[in-house]
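Report on one structure; see the data block that follows.
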Amino acid sequence: MLISFPCFFLTAQGNEHPVSIGPELQFYPAGMIPGVRWSYYLGEQQQNAITLRTGINLTLRHDWGKHEDERGWGTGISSGYNYHFPIRKGKVLFGARGDIWLMQIHWKKDARKGESHIVILQPTAEAGYSFILKNFHIAPTLAFGRELNIITKGEPVGEGWILLLGVVFQWNFE
């Protein structure tokens, strides 16, 4: 369903509002997030964009959480806003987004083992630079935010500040 929503805009909007879609990969000290990012540009100058993402969050927190070892994975969605302004042959981008992650975390503490299911709200601020090559662009990004466990089933697990280094590869459809 998340993939079909952006595809509707690819076919329904014509040249009025360009759309771009492609893979995104983010790394943070305790894991990585591969996903698909979709951007819908507003206005003729294409400075404002609404973004959506779906992805998988893979984490290996070691003892950085509340237990000796925390690791797991989950799926999630994101929505956000980016402002782009041209500089040289590319565009600088600034924005914000909110992620929701449904995570399953396996943990060990002393001789005990367990599993916690959590819902994470992750608001982040993002900056980057898009290198534009015709209908394709590559954008290294840096994001900073907070990981908040808003629902926890099982023992509490780690949460806190997060720094993400990423790269987005997108094809523009005009």
Side-chain angles (χ1 to χ4, degrees), residues 1-9 19-40 49-84 93-130 137-171:
M1 184 172 115
L2 272 173
I3 299 299
S4 64
F5 178 69
C7 290
F8 166 77
F9 282 101
V19 173
S20 62
I21 190 167
E24 175 180 21
L25 185 58
Q26 286 187 306
F27 296 95
Y28 60 102
M32 69 179 204
I33 303 169
V36 175
R37 183 170 173 154
W38 171 82
S39 300
Y40 176 71
I50 296 170
T51 63
L52 297 175
R53 173 179 69 168
T54 184
I56 298 172
N57 191 335
L58 307 167
T59 189
L60 178 55
R61 299 175 178 169
H62 305 286
D63 61 351
W64 300 334
K66 298 185 185 258
H67 302 90
E68 291 169 6
D69 186 34
E70 293 184 0
R71 59 185 69 208
W73 71 281
T75 58
I77 59 173
S78 307
S79 65
Y81 167 81
N82 287 130
Y83 179 78
H84 301 257
L93 67 93
F94 292 102
R97 77 172 171 208
D99 300 4
I100 297 285
W101 297 104
L102 307 174
M103 301 285 291
Q104 177 179 330
I105 304 294
H106 300 278
W107 52 264
K108 288 191 293 186
K109 186 170 188 176
D110 301 321
R112 297 183 315 121
K113 292 182 179 182
E115 182 177 289
S116 296
H117 295 266
I118 55 175
V119 177
I120 297 171
L121 173 63
Q122 183 180 306
T124 56
E126 177 180 51
Y129 182 80
S130 289
H137 71 264
I138 300 170
T141 61
L142 184 64
F144 178 73
R146 182 93 176 157
E147 189 177 86
L148 304 162
N149 298 342
I150 56 174
I151 298 174
T152 302
K153 290 185 180 178
E155 287 196 20
V157 294
E159 62 184 329
W161 296 103
I162 189 165
L163 182 67
L164 303 119
L165 180 61
V167 63
V168 180
F169 303 93
Q170 287 188 310
W171 289 267

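Nothing fancy with the numbering, it's 1 onward along the sequence. The analysis underlying the following values was restricted to heavy atoms, covering all of them including side chains, and did not include hydrogens, waters or symmetry mates.
Looking at Gln104, its side chain never comes within 3.5 Å of a backbone N or O of Gly74 through a donor-acceptor pair. Within the 3.5 Å criterion, the main-chain N or O of Ser20 finds no donor-acceptor partner in the side chain of Ser39. The main-chain N or O of Ala30 is found under 3.5 Å from a side-chain atom of Thr59 such that the two form a donor-acceptor pair. Side-chain N or O atoms of Arg97 include none that pairs as donor or acceptor with a backbone N or O of Thr51 at under 3.5 Å.
For Asn57, the side-chain hydrogen bond (donor to acceptor under 3.5 Å, both in side chains) criterion is met by Tyr28, not counting sequence neighbours. Under the side-chain hydrogen bond (donor to acceptor under 3.5 Å, both in side chains) criterion, Gln122 pairs with no residue, sequence neighbours left out.
Between Phe27 atom CZ and Leu165 atom CG the span is 8.0 Å, to the nearest 0.5 Å. Note that CG of Leu93 is 7.5 Å distant from OG1 of Thr141, once rounded to the nearest 0.5 Å. Distance check, rounded to the nearest 0.5 Å: CG of Leu121 to CD of Glu147 gives 10.0 Å. The structure places CZ of Arg37 at 8.5 Å from OG of Ser78, a figure rounded to the nearest 0.5 Å. If you take CD on Glu159 and CG on Leu148, they are separated by 6.0 Å, rounding to the nearest 0.5 Å. Note that CD1 of Ile33 is 12.0 Å distant from OG1 of Thr75, once rounded to the nearest 0.5 Å.
Side-chain contact between Arg61 and Ile105 is present, with at least one heavy-atom pair separated by less than 4.5 Å. Within the 4.5 Å cutoff, side-chain heavy atoms of Leu163 are placed close to those of Leu142. Annotation: side chain of Asn82 is in contact with side chain of Glu126 (closest heavy-atom distance under 4.5 Å). Using a 4.5 Å cut-off on side-chain heavy atoms (C-beta onward), Ile100 and Val119 make contact. Contact annotation: the side chain of Ile120 never approaches that of Asp99 to less than 4.5 Å [non-hydrogen atoms, C-beta and beyond].
Listed by first then second residue, pairs satisfying ring pair (Phe, Tyr, Trp, His ring centres under 6.0 Å) with a partner in residues 97-122 read His67-Trp107, not counting sequence neighbours.
Classified by interplanar angle (parallel below 30°, tilted 30° to 60°, perpendicular above 60°), the ring pair Trp64/His62 is perpendicular.
Across all non-hydrogen atoms, the minimal contact from Ala143 to Thr124 is CB-CB, 4.3 Å. Across Gly154 and Ser116, no two heavy atoms sit closer than the pair C-OG, 3.7 Å. Nearest heavy atom pair, residue Trp171 against residue Pro23, reads CZ3-CD, 3.6 Å.
Salt-bridge formation is detected for the pair Glu24/Arg53: a Lys NZ or Arg NE/NH1/NH2 atom is positioned less than 4.0 Å from an Asp or Glu carboxylate oxygen.
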Check the pair Thr152 / Val157 against side-chain contact (heavy atoms from CB on, under 4.5 Å), numbers first and verdict last. CA-CA 8 Å; Thr152 302; Val157 294; 5.6 Å; no

